[in-house]
Amino acid sequence: ADSLFTRFLGKPRDEARELATLASPVAAAGEDDPPLLVITAEDDAIVPPEVTEHALASLADAPHAHLEQAGVGHGFGVLEEEDPPESSCAMLAYLDAL
């Protein structure tokens, strides 16, 4: 995780908390913003369930939808060149509904 923080924000996690909040769409989302689609992976080894739960709770006042992709890990199989139809179809349907 520290490597990801450093690559994304230029600092390790313990030095980048304020910057991470500024970069977070969850921290910035509000009731007047466009709807947000959150897709998570049931078997995600990178993003722990408590992080997802915190993010979804933080979005309580913002328009959003949540899809948990069953049976896949972080990246939904895309990195293995398998694009699960459920996440792709959900994204397209969500965008069409906007």
Side-chain angles (χ1 to χ4, degrees):
D2 277 333
S3 172
L4 292 173
F5 265 77
T6 301
R7 285 190 292 170
F8 180 60
L9 299 172
K11 299 178 182 181
R13 183 185 348 200
D14 61 342
E15 297 175 23
R17 296 228 184 261
E18 187 175 321
L19 190 56
T21 299
L22 290 172
S24 169
V26 171
E31 62 185 35
D32 296 330
D33 289 324
L36 179 67
L37 175 62
V38 179
I39 302 177
T40 58
E42 179 181 47
D43 301 326
D44 197 325
I46 295 175
V47 179
E50 58 270 12
V51 171
T52 298
E53 291 165 13
H54 174 75
L56 292 171
S58 297
L59 290 171
D61 294 332
H64 72 283
H66 175 228
L67 167 67
E68 181 178 69
Q69 181 78 47
V72 296
H74 193 86
F76 315 112
V78 174
L79 298 178
E80 291 83 32
E81 296 183 21
E82 299 173 25
D83 189 6
E86 185 179 359
S87 61
S88 296
C89 290
M91 285 185 280
L92 293 172
Y94 195 76
L95 291 171
D96 282 343
L98 298 177

Hey, are the side chains of L37 and M91 touching, using non-hydrogen atoms and a 4.5 Å cut-off? yes

Over 12 non-hydrogen atoms of neighbours within 6.0 angstrom of CD in E31: no

Flag side-chain contact, heavy atom, 4.5 Å: E50 against H54: no

If hydrophobic clusters are built from ILVMFWY residues whose side chains come within less than 4.5 Å, do V51 and L56 share one? no

Closest non-hydrogen atom pair, A41 against G73: CB-O, 3.3 Å

With E68 as partner, the option from I39, V38, T40, D44 fulfilling side-chain contact (heavy atoms from CB on, under 4.5 Å) is T40

Which heavy atom of V26 sits nearest to which heavy atom of A55, and what is that distance? CG1-O, 3.6 Å

In terms of heavy-atom contacts, does NE2 of H66 have more than 12 from other residues, nucleotides or ligands at under 6.0 Å? yes

Locate the shortest heavy-atom distance separating A23 from L9; write the atom from each residue and the value. CB-CD2, 4.0 Å

Give me the atom names and distance for the closest heavy-atom approach of P63 to G30. CD-O, 3.6 Å

Give a yes or no on whether the backbone of L59 and the side-chain of H64 come within a donor-acceptor separation of less than 3.5 Å. yes

Flag side-chain contact, heavy atom, 4.5 Å: E18 against T21: no

Is the closest side-chain heavy-atom distance between P35 and L98 below 4.5 Å? yes

Nearest 0.5 Å please: distance from the SG atom of C89 over to the CG atom of L67. 10.5 Å

